[in-house]
Amino acid sequence: MSDSTHDLLVRGIAAAKSNSKQEARFYLEWVLRSPDAQETEQVQAWRCLADISDDPQEKRKCLDEVLARNPMDPEA
């Protein structure tokens with residue numbers, strides 16, 4: 001896990017918790033584009049994107065991505 005990817009993920013999760021959806025989306029999508037993001041980081045980013053999504057189709061897409069990486073994910 002690279003420090004920069006982890007930092008992006010932490011910032012994205014913090015922004016999501018503070019209800020700054022646009023900022024959260026910016027950081028989380030950056031994590032997903034990062035070539036050195038590990039699968040666990042990607043799962044967290046997708047799950048967080050699902051949490052902040054207001055669109056049911058987008059939420060489902062995000063949860064499908066979580067399940068594709070971790071089929072036994074209890075939250076998805």
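Worth saying up front: this structure is predicted, and the values here are computed from it rather than measured.
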I need the minimum non-hydrogen distance between [X] and [Y], along with the two atoms involved.
| X | Y | result |
| --- | --- | --- |
| Gln42 | Ala37 | NE2-O, 3.6 Å |
| Glu39 | Arg69 | OE2-O, 2.8 Å |
| Ala50 | Cys62 | CB-CB, 3.6 Å |

Quiz item: If you look only at pairs with a residue in residues 30-76, which of them pass as a ring-ring contact (aromatic ring centres under 6.0 Å, His included), with sequence neighbours excluded?
Solution: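 Listed by first then second residue: Phe26-Trp30.
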Quiz item: Should Asp54 and Lys21 count as side-chain neighbours, where that means a heavy-atom distance under 4.5 Å?
Solution: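 They are in side-chain contact.
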Quiz item: So do the side chains of Leu9 and Arg11 get within less than 4.5 Å of each other, counting heavy atoms only?
Solution: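 They are not in side-chain contact.
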Quiz prompt | Test log, rule side chain to side chain contact (heavy atoms under 4.5 Å, CB included), inputs Val31 and Glu29 | solution = CA-CA 5 Å; Val31 169; Glu29 288 177 353; over 6 Å; no
How many angstroms lie between [atom1] in [X] and [atom2] in [Y], if you round to the nearest 0.5 Å?
| X | Y | atom1 | atom2 | value |
| --- | --- | --- | --- | --- |
| His6 | Gln44 | NE2 | CD | 8.5 Å |
| Leu8 | Ile13 | CG | CD1 | 11.0 Å |
| Lys17 | Ile52 | NZ | CD1 | 13.0 Å |
| Asp3 | Asp7 | CG | CG | 8.5 Å |
| Leu49 | Lys59 | CG | NZ | 10.5 Å |

Quiz prompt | Residues Glu65, Lys61: salt bridge by 4.0 Å N-O rule | solution =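 No, no charged N to carboxylate O under 4.0 Å.
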Self-check item: Within one Ile-Leu-Val-Met-Phe-Trp-Tyr cluster: Leu63 and Val43, side-chain cutoff 4.5 Å
Solution: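 No, no single cluster joins them.
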Exercise. Go through the steps to decide whether Ser53 and Asp55 satisfy the test side-chain hydrogen bond (donor to acceptor under 3.5 Å, both in side chains), and finish with yes or no.
Key: CA-CA 6 Å; Ser53 177; Asp55 177 23; 5.6 Å; no
